[in-house]
Protein chains: 2
Amino acid sequence: MADLNNLISPFFLNEKEIRKIIELVFFSYRDFTAGPDQILEKLNFGRAHHRVIYFVGKKDKITIKELLRVLKITKQSLSRVLNQLVKEGFILVSTGSDKRTKNLSLTTSGLSLENELSTIQITKIKKVISNFNKEDIDGFIKILYEMIEADNKATFQHLNE
Amino acid sequence: MADLNNLISPFFLNEKEIRKIIELVFFSYRDFTAGPDQILEKLNFGRAHHRVIYFVGKKDKITIKELLRVLKITKQSLSRVLNQLVKEGFILVSTGSDKRTKNLSLTTSGLSLENELSTIQITKIKKVISNFNKEDIDGFIKILYEMIEADNKATFQHLNE
DNA sequence: ATAATTAAGTCAATATGGCTGACCTAAATA
DNA sequence: TATTTAGGTCAGCCATATTGACTTAATTAT
């Protein structure tokens, strides 16, 4: 992944500079989730609902088990959030071909909410990266990816097959 | 900030690719906080305690007001967490020169815990970026910074003056 | 000198998002 | 037929955050 002719020493960034990165991650993540949080609040939903809507939108007919692997929460935690989304008409549950499983899909209003929430984040990213060149964007994406642990890399890849 | 000779069209990344970035941010943030979370759990602390310890370590003698501006939580929320940290001997409170204010500092064990937690994240970042060249790392840092809203950019700058 | 503002603290109630443990049903598979 | 798997449910617990109302003490402005 790295160009061997251009490898930096691990000490190119000293500890003080690394600490700045820790802060940038904290502040940027908080600001990144703040937009959707505001929309969700009006519906009496939280970030957990957003995640479910996002990943059901990402992978139509996703099963409970798959969703649990992505979210890494307990089924009891998912259950509460999911039941609310179903009851309020944002998600539709159907039985899978393996009749033990269930397939989740967004309803029309689910799709609409998903869109509203994602648009905020997509617009933000588009706006930010429009000020950078291909090399910067590549670096951003590649390093983000390498920050992920192996098992979640697999989950990410699987989601994007 | 961007090289005008190398500006990309905002459509260089299509929506599908932008959505991948959303996922990378989610997974990487979760994995980034997972390490410290494990340590904190043993002490019956949570991520909120980590943040307080981090920023008190960052800026010795920080006041409650400053800390509230950084963390963007209510004083009631901070109060609970901070009182625990004081009671358990990780943070020391003294009166400021303006006698209405209080200055927070890490005790010896506070410093030791701060170090243990930060080392996990610093080591991780060092390990990750050691595989990338200067351009990639620059892109990563610059784009992270631009993901932050103006008021928090100011907070970040202030912390690093 | 008094009034207003500021920094900090506190009490109470509420919501969200997570957890563990125990237990159940129905369907698929060994 | 026995076991495993997918999913659900009840109950209780904890952490993190919120709003609102109110207090104290110190500083600053009039």
Side-chain angles (χ1 to χ4, degrees), chain A residues 26 29-30 33-34 36-56 59 61-88 91-105, chain B residues 26 29-30 33-34 36-56 59 61-88 91-105:
Chain A
F26 169 64
Y29 187 80
R30 195 175 60 182
T33 51
D37 283 355
Q38 264 189 293
I39 306 277
L40 292 157
E41 209 181 5
K42 295 175 203 155
L43 298 165
N44 285 309
F45 288 158
R47 212 171 284 175
H49 301 82
H50 185 189
R51 288 176 196 139
V52 171
I53 286 174
Y54 180 88
F55 286 111
V56 173
K59 193 175 160 88
K61 302 201 173 169
I62 193 170
T63 64
I64 304 285
K65 192 195 175 187
E66 288 172 314
L67 196 47
L68 287 174
R69 198 191 55 192
V70 171
L71 297 175
K72 282 196 170 175
I73 57 175
T74 59
K75 62 179 171 177
Q76 296 92 324
S77 293
L78 174 57
S79 171
R80 182 177 27 77
V81 169
L82 185 56
N83 286 336
Q84 287 175 306
L85 289 167
V86 170
K87 190 175 290 170
E88 303 196 26
I91 284 182
L92 195 94
V93 184
S94 57
T95 302
S97 51
D98 177 338
K99 284 172 190 166
R100 290 172 304 179
T101 67
K102 292 190 174 171
N103 297 135
L104 308 176
S105 303
Chain B
F26 169 63
Y29 188 79
R30 197 176 57 184
T33 51
D37 284 355
Q38 263 189 294
I39 307 277
L40 292 158
E41 208 181 5
K42 295 175 202 154
L43 298 165
N44 285 311
F45 289 159
R47 211 172 285 175
H49 301 82
H50 185 188
R51 288 176 196 139
V52 171
I53 286 174
Y54 180 88
F55 287 111
V56 173
K59 194 176 159 86
K61 303 201 172 169
I62 193 170
T63 64
I64 305 284
K65 193 195 176 188
E66 288 172 314
L67 196 47
L68 286 174
R69 198 191 54 192
V70 172
L71 298 175
K72 281 197 171 178
I73 57 175
T74 59
K75 61 179 171 179
Q76 295 92 325
S77 293
L78 175 57
S79 171
R80 181 183 29 81
V81 169
L82 184 56
N83 286 336
Q84 287 174 307
L85 289 168
V86 171
K87 190 174 293 170
E88 303 196 25
I91 284 184
L92 195 95
V93 184
S94 57
T95 302
S97 52
D98 177 338
K99 285 173 189 165
R100 291 171 303 178
T101 67
K102 291 192 173 167
N103 296 135
L104 307 176
S105 303

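Reminder, nothing fancy here: chain letters follow the sequence lines and each chain counts from 1.
- Taking both residues in full, the closest heavy atoms of B:Asp98 and B:Thr101 are given as O-OG1, 2.7 Å, listed atom of the first, atom of the second, then distance.
- Taken to the nearest 0.5 Å, the CG atom of B:Asn103 stands 8.0 Å off from the OG1 atom of B:Thr95.
- As a whole-Å value, the separation of A:Arg47 CZ from D:dT18 C1' is 14 Å.
- Annotation: the span from A:His50 atom NE2 to A:Ile53 atom CD1 amounts to 7.5 Å, rounded to 0.5 Å.
- Contact annotation: B:Ser77 side-chain N/O to D:dT18 OP1/OP2 distance is under 4.0 Å.
- Here D:dA15 presents its C1' atom at 13 Å from CG of B:Leu85, a figure rounded to the nearest Å.
- Rounding to whole angstrom units, NE2 of residue B:His49 and P of D:dA15 are separated by 8 Å.
- Each of B:Leu85, B:Thr63, B:Val86, B:Ile64 was compared with B:Leu104 under the side-chain contact (heavy atoms from CB on, under 4.5 Å) criterion, and only B:Ile64 meets it.
- Contacts of B:Thr74 with the nucleic acid, taken as non-hydrogen atoms under 4.0 Å apart, include base atoms.
- The CG atom of B:Leu43 sits 11.5 Å away from the CD atom of B:Gln84 when rounded to the nearest 0.5 Å.
- For the pair B:Asn44 and A:Glu41, nearest-nucleotide mapping onto DNA chain D gives the more 5' position to B:Asn44.
- Here the P atom of nucleotide D:dC14 and the CG atom of B:Asp37 are 19 Å apart, to the nearest Å.
- Note: B:Leu82 CG to B:Ile91 CD1 = 5.5 Å, rounded to the nearest 0.5 Å.
- Taking a 4.0 Å limit (strictly below) on heavy-atom distances, residues 91-99 of chain B does not reach DNA chain C anywhere.
- Summarising the geometry, atom CZ belonging to A:Arg47 is positioned 9.5 Å from atom CG belonging to A:Leu40; distances are rounded to the nearest 0.5 Å.
- For A:Arg80 and A:Lys75, each mapped to the nucleotide of DNA chain C holding its nearest heavy atom, the one lying further toward the 5' end belongs to A:Arg80.
- At least one donor-acceptor pair closer than 3.5 Å links the side chain of B:Arg30 to the backbone N or O of A:Leu71.
- Rounding to the nearest 0.5 Å gives a distance of 8.5 Å between CZ of B:Arg69 and CD1 of B:Ile62.
- Candidate nucleotides D:dT19, D:dT27, D:dC10 were compared by shortest atom distance to the side chain of A:Gln76, and D:dC10 ranks first.
- At least one donor-acceptor pair under 3.5 Å links the side chain of B:Thr33 to the backbone N or O of B:Tyr29.
- Here the P atom of nucleotide D:dT5 and the CG atom of A:Leu68 are 15 Å apart, to the nearest Å.
- Annotation: of the two residues near DNA chain C, B:Leu82 and A:Ala48, the 5′-most nearest-nucleotide partner is B:Leu82.
- When DNA chain C is scanned in the 5' to 3' direction for atoms under 4.0 Å from non-hydrogen atoms of chain A, the outermost contacting nucleotides are C:dT16 to C:dA28.
- Residue B:Lys65 contributes atom NZ, which lies 13 Å from atom C1' of D:dT27 at whole-angstrom precision.
- Atoms CG (B:Leu71) and P (D:dT18) sit 10 Å apart, rounded to a whole Å.
- A straight line from CG of A:Asn83 to C1' of D:dC10 spans 13 Å, rounded to a whole angstrom.
- The rotation axes computed at either terminus of the helix from C:dA1-D:dT30 to C:dA30-D:dT1 lie 30° apart, taking five pairs at each end and rounding to 10 degrees.
- Heavy atoms of other residues, nucleotides or ligands lying less than 6.0 angstrom from NZ of A:Lys72 number more than 12.
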